[in-house]
Amino acid sequence: MLFRREVLEGIAGGRIDRVFRVWGKPPVRAGSTQRTWAGIIVIDSVTAVTPEEITEEDALQSGFNDRAALLTALSKSTKQGGYHRVMLHLGGPDPRAELAANDDLTDNELADLKAALDAIDARSRRTPWTREVLRLIEEHPGLRALDLAEQLGRDRLPFKADVRRLKALGLTQSLETGYQLSPRGKALMTYLRSQR
């Protein structure tokens with residue numbers, strides 16, 4: 001599920017506790033979770049609803065000014081299927097965010113991160129890439145993924161998949177546009193430069 005920035009801000013602030021989607025078959029179910037920059041979103045329930053079942057409270061609790069605005073937005077969907085009410089809440093911070101914020105690393109932790117990068121590079125079907133991608137993000141924070149990928153002569157989607165692998169290690173952070181090194185990533189880059 002994709003969330004607009006203002007919706008995630010509303011969920012994080014407790015103003016939004018539901019969203020509406022047009023789906024043939026819902027891709028989420030009660031109990032599932034989703035990582036976002038705002039934290040872990042927990043799906044409480046997914047219910048098929050008719051337009052008549054959507055209330056003013058639904059509209060307000062999903063970030064719309066009124067029921068008419070919500071119904072208008074739903075009617076503009078290009079997807080096939082029926083309306084679904086998704087009740088949700090913020091389950092807590094994304095553990096990757098806490099990991100990324102930690103730059104107080106021991107020499108052993110830094111060596112372990114270096115070894116993790118070495119292992120990723122060794123398993124890669126192409127030339128080693130982890131340090132090159134980290135360096136590029138360090139030099140160009142906030143640059144679009146497409147522009148970063150082009151600098152490496154790569155396609156955008158595989159490049160973004162690589163950045164997600166680095167993010168899973170807590171080394172990068174997504175911005176509204178592009179990426180930046182996390183405090184953990186900056187500490188690792190300083191360590192890697194000192195090892196040359």
Side-chain angles (χ1 to χ4, degrees), residues 1-97 100 133 136-137 140-168 172-180 182:
M1 271 177 73
L2 295 177
F3 297 97
R4 296 188 323 274
R5 183 171 197 85
E6 59 268 24
V7 171
L8 285 175
E9 289 170 351
I11 294 169
R15 297 181 307 278
I16 292 177
D17 67 2
R18 67 198 73 182
V19 294
F20 287 82
R21 295 290 188 267
V22 177
W23 287 322
K25 181 180 179 186
V28 297
R29 58 184 171 74
S32 59
T33 60
Q34 184 169 335
R35 289 180 181 172
T36 72
W37 62 263
I40 303 293
I41 304 295
V42 179
I43 307 300
D44 298 315
S45 66
V46 180
T47 309
V49 294
T50 64
E52 295 75 26
E53 292 174 306
I54 296 174
T55 66
E56 284 292 333
E57 180 184 4
D58 283 330
L60 297 175
Q61 293 297 117
S62 61
F64 287 86
N65 290 331
D66 56 37
R67 182 175 176 273
L70 170 56
L71 291 173
T72 297
L74 288 170
S75 71
K76 291 180 180 176
S77 174
T78 58
K79 296 182 180 177
Q80 299 295 314
Y83 295 169
H84 291 80
R85 179 191 297 117
V86 181
M87 301 297 295
L88 43 74
H89 71 275
L90 187 66
D94 184 341
R96 295 177 305 179
V133 170
L136 196 61
I137 291 170
H140 304 283
L143 193 62
R144 294 183 318 157
L146 176 63
D147 296 327
L148 290 169
E150 284 178 353
Q151 289 194 35
L152 298 175
R154 298 191 51 206
D155 290 330
R156 180 178 66 91
L157 292 178
F159 175 82
K160 287 182 78 168
D162 285 348
V163 175
R164 281 195 298 273
R165 293 182 77 183
L166 298 173
K167 185 176 185 179
T172 65
Q173 296 170 314
S174 296
L175 302 172
E176 191 156 358
T177 301
Y179 314 96
Q180 67 182 9
S182 67

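Computed from a predicted model, the values in this text were never measured in an experiment. In this chain, residues are counted from 1 in sequence order. Keep in mind that the numbers below use all heavy atoms, side chains included, and drop hydrogens, waters and symmetry copies.
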**Q** Between Val133 and Ile137, does the side-chain contact (heavy atoms from CB on, under 4.5 Å) criterion hold? Intermediate values first, please.
**A** CA-CA 6 Å; Val133 170; Ile137 291 170; 3.9 Å; yes
**Q** Pair Leu143, Gln151 - check side-chain contact (heavy atoms from CB on, under 4.5 Å), show working.
**A** CA-CA 11 Å; Leu143 193 62; Gln151 289 194 35; 3.4 Å; yes
**Q** Could you grab the distance from atom OG1 of Thr55 to atom CD of Glu57, nearest 0.5 Å is fine?
**A**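 It is 5.5 Å, given to the nearest 0.5 Å.
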**Q** How long is the straight-line distance from CZ of Arg29 back to CG of Asp44, given to the nearest 0.5 Å?
**A**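 The CG atom of Asp44 sits 13.5 Å away from the CZ atom of Arg29.
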**Q** For a quick test of reading the model, state the closest non-hydrogen atom pair linking Met1 to Val28 and the distance between them.
**A**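 So the two residues come closest at SD-CG2, 3.8 Å.
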**Q** Is there a donor-acceptor pair under 3.5 Å between the side chain of Arg15 and the backbone N or O of Gly63?
**A**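 Flag not set: sc Arg15 to bb Gly63 has no pair under 3.5 Å.
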**Q** If I compare all heavy atoms of Trp23 with all of His84, which pair ends up nearest, and what's the gap?
**A**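 Scanning both residues, the minimum pair turns out to be O-CE1, 3.2 Å.
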**Q** Could you go step by step and tell me if Phe20 and Val86 meet the side-chain contact (heavy atoms from CB on, under 4.5 Å) rule?
**A** CA-CA 6 Å; Phe20 287 82; Val86 181; over 6 Å; no
**Q** Could you tell me which non-hydrogen atom of Arg156 sits nearest to which non-hydrogen atom of Ala149, and how far apart they are?
**A**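 Residues Arg156 and Ala149, closest heavy atoms: CA-CB, 3.9 Å.
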**Q** Can you tell me how far CG of Asp66 sits from CG of Asp58, rounded to the nearest 0.5 angstrom?
**A**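 Atom-to-atom, Asp58:CG and Asp66:CG are 12.5 Å apart.
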**Q** For a quick test of reading the model, state the closest non-hydrogen atom pair linking Ile11 to Leu90 and the distance between them.
**A**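 Shortest heavy-atom separation between Ile11 and Leu90 comes out as CG2-N, 4.0 Å.
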**Q** Are Arg21 and Phe3 in a cation-pi setup, meaning NZ or CZ lies under 6.0 angstrom from the ring centre and within 45 degrees of the ring axis?
**A**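 Yes, Arg21 lies over the aromatic ring of Phe3.
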**Q** Which distance, rounded to the nearest 0.5 Å, do you find between the CG of Leu166 and the OH of Tyr179?
**A**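 Result: 10.0 Å between the selected atoms.
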**Q** Surrounding CG of Asp147 (heavy atoms of other residues, nucleotides or ligands, distance under 6.0 Å), is the total greater than 12?
**A**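 Enclosed.
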**Q** Working note: Arg154 + Asp162, criterion side-chain contact (heavy atoms from CB on, under 4.5 Å); need CA distance, chi angles, decisive distance, verdict.
**A** CA-CA 11 Å; Arg154 298 191 51 206; Asp162 285 348; 2.7 Å; yes
**Q** Output the distance between atom CG (Leu8) and atom OG1 (Thr36), rounded to the nearest 0.5 Å.
**A**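 Between Leu8 CG and Thr36 OG1, I get 4.5 Å after rounding to 0.5 Å.
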**Q** Can you tell me how far CZ of Phe159 sits from CG of Leu136, rounded to the nearest 0.5 angstrom?
**A**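 Leu136 atom CG to Phe159 atom CZ measures 6.0 Å (nearest 0.5 Å).
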**Q** So which heavy atom on Glu52 is nearest to which on Arg67, and how close?
**A**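 So the minimum-distance heavy-atom pair works out to CA-NH2, 3.8 Å.
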**Q** For residues Ala48 and Glu53, report the shortest heavy-atom separation together with the two atoms involved.
**A**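 That closest heavy-atom pairing would be O-OE1, 4.2 Å.
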